[in-house]
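This report concerns only the one structure given below.
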Amino acid sequence: MTAPTRDTVSPRTLALTALALIPFAANSVLTRLAIAPGDIDAATFASVRIAAGALTLWAIVLATRSGPLPPRPDWRMALALFGYVAAFSFAYVWLEAGTGALILFGSVQLTMFAVALVEGERFSPLAWAGLAAAFGGLVYLVSPGLSAPDPFGAVLMTIAGISWGFYSLYGRTAGDPLAATAWNFLLCTPLVIAVSLLSWGDMTANIRGLALAVVSGAVASGLGYVIWYAALRGLTAGRAAVAQLAVPAIAAIGGALFIAEPVTLRLILASAITLGGVAIVLTQRAPRSG
């Protein structure tokens with residue numbers, strides 16, 4: 001499919017994009033809602049989330065295809081997905097929704113920029129300034145202070161972001177992103193279940209925690225990706241990346257509304273610096289050197 005090149009975005013694409021960003025942010029809120037009060041442990045949440053997502057995605061794949069099943073992707077994507085979901089779940093034992101989403105998003109973008117640099121992509125001086133600002137915003141967010149996030153949680157979320165960055169990079173060549181995602185969720189399921197079995201002594205779950213994990217997997221992850229792939233048909237890569245700048249802000253608002261988490265001045269400033277820097281880089285990226 002030819003990448004979109006139109007100067008304007010259709011109302012349908014705008015609506016799909018806005019609709020897709022909500023479940024992306026909702027994953028942070030749902031995870032925090034379930035894990036923070038102890039309704040479910042992090043390992044069990046990750047297992048139920050991935051299993052529910054796999055069932056939902058495969059139901060959609062099988063319902064929309066009459067021919068043979070798509071080929072299975074390589075294990076790199078499944079392992080990267082596992083690194084993301086495991087670190088993501090455990091990070092929210094210590095992090096608030098908005099803070100975690102900002103660290104996740106910043107780490108994803110910085111990972112992808114670093115790989116682009118290694119692969120030979122050139123950056124303008126303004127882009128380098130934006131990259132420095134984005135990194136500086138994350139450093140400011142996690143620097144010691146009364147409102148600084150837990151350092152262990154921040155490290156885990158950084159690992160989740162790096163993993164998701166590589167997952168996104170591995171998926172660039174996927175001819176059928178929906179089917180590839182369904183395979184990746186399926187292959188990741190036994191991995192997260194293994195983590196749950198290793199944490200058997202600390203396992204805890206009630207109906208509320210399990211329900212939130214199912215919603216996170218089936219709706220916020222499974223259906224969320226379906227909507228996002230539909231939106232991507234009308235977005236350029238740059239517009240898609242810029243659109244995701246809204247995710248940490250939506251997560252912070254959700255955390256404040258549903259979990260009564262404070263939106264601190266540090267989070268507001270760090271978000272403005274980090275997301276502003278990322279926006280500069282996204283609008284200034286130059287073609288690859290050749």
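None of the values given here were measured: they were computed from a predicted structure. Reckoned from all heavy atoms, side chains included, excluding hydrogens, waters and symmetry mates.
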Least distance between heavy atoms, Ala205 atom then Thr44 atom: CB-CG2, 4.4 Å
Joint hydrophobic cluster, Leu16 plus Val226, side-chain heavy atoms closer than 4.5 Å: no
Student check: side-chain heavy atoms of Phe45 and Leu210 closer than 4.5 Å: no
Short side-chain donor-acceptor distance under 3.5 Å, Thr181 and Asn184: no
Test item: Ser47 and Thr189 side chains (from C-beta on) under 4.5 Å apart, heavy atoms: no
Mutual orientation of the aromatic rings belonging to Trp58 and Trp183 [parallel < 30°, tilted 30-60°, perpendicular > 60°]: perpendicular
Expected output: side-chain Gln109 to main-chain Val278 donor-acceptor under 3.5 Å: no
Euclidean distance, Leu19 CG relative to Leu14 CG, rounded to 0.5 Å: 12.5 Å
Asn206 side chain near Ile40 side chain, heavy-atom distance below 4.5 Å: no
Pairwise side-chain contact, Val195 with Phe82, heavy-atom cut-off 4.5 Å (strictly under): yes
Side chain Ser199, main chain Asp202, donor-acceptor under 3.5 Å: no
pair Trp228-Pro23: side-chain heavy atoms closer than 4.5 Å: no
Heavy-atom closest pair, residues Leu30 and Ala220: CD1-CB, 4.1 Å
Val61-Leu55 co-clustered via ILVMFWY side chain contacts under 4.5 Å: no
Side chain Arg266, main chain Leu141, donor-acceptor under 3.5 Å: yes
Donor-acceptor contact below 3.5 Å, side chain Arg208 vs main chain Asp39: no
Heavy-atom neighbours of Phe135 CZ exceed 12 at 6.0 Å: no
Derivation of the side chain to side chain contact (heavy atoms under 4.5 Å, CB included) call for Leu275 and Leu102: CA-CA 8 Å; Leu275 302 182; Leu102 179 59; 4.0 Å; yes
Parallel, tilted or perpendicular: ring planes of Tyr92 versus Phe88, cut at 30 and 60 degrees: perpendicular
Side-chain heavy-atom pair Trp128, Leu117 within 4.5 angstrom cut-off: yes
Backbone N/O of Leu95 and side chain of Thr99: donor-acceptor pair under 3.5 Å: no
Flag side-chain contact, heavy atom, 4.5 Å: Pro262 against Glu96: yes
Value rounded to 0.5 Å, distance of CD1 in Ile159 from CG in Leu104: 12.5 Å
Trp94 and Phe152 aromatic ring geometry - parallel, tilted or perpendicular at 30°/60° bounds: perpendicular
Heavy-atom closest contact (Leu187 atom, Ala78 atom, distance): CB-CB, 3.7 Å
Distance, nearest 0.5 Å, that separates CD1 of Ile60 from CG of Leu223: 5.0 Å
Working for side chain to side chain contact (heavy atoms under 4.5 Å, CB included), residues Leu131 and Leu110: CA-CA 8 Å; Leu131 193 60; Leu110 290 175; 3.5 Å; yes
Step-by-step side chain to side chain contact (heavy atoms under 4.5 Å, CB included) determination, Leu79 to Tyr167: CA-CA 8 Å; Leu79 290 173; Tyr167 179 83; over 6 Å; no
pair Leu178-Tyr225: side-chain heavy atoms closer than 4.5 Å: no
Same apolar cluster: Ile227 and Leu21, side chain cutoff 4.5 Å: no
Straight-line distance of Leu57 CG to Ser221 OG, nearest 0.5 Å: 8.5 Å
Distance-only side-chain donor-acceptor flag, Asn27 / Ser216, under 3.5 Å: yes
Value rounded to 0.5 Å, distance of OG in Ser163 from CG in Leu81: 9.5 Å
Donor-acceptor contact below 3.5 Å, side chain Ser107 vs main chain Ile162: no
Leu186-Val214 co-clustered via ILVMFWY side chain contacts under 4.5 Å: yes
Linked hydrophobic residues, Leu197 as query - side chain contacts closer than 4.5 Å: Ile193, Trp200, Met203
Contact summary for Ile273 and Ala133, nearest pair of heavy atoms: CG2-O, 3.1 Å
Check: Arg49/Thr31 side-chain N/O donor and acceptor closer than 3.5 Å: no
Distance-minimising heavy-atom pair for Ala97 and Arg32: N-CG, 4.4 Å
Ile207 CD1: over 12 foreign heavy atoms closer than 6.0 Å: no
Ring-face cation contact, Tyr170 with Arg76, 6.0 Å cut, 45° max: yes
From CZ (Phe24) to CZ (Phe105), nearest 0.5 Å: 11.5 Å
ILVMFWY cluster, Leu212 and Leu257 together (side-chain gap under 4.5 Å): yes
Side chain to side chain contact (heavy atoms under 4.5 Å, CB included) evaluation trace for Thr274 with Tyr140: CA-CA 10 Å; Thr274 300; Tyr140 168 65; over 6 Å; no
For the student: nearest non-hydrogen atoms of Val263 and Ala256, plus distance: CG2-CB, 4.0 Å
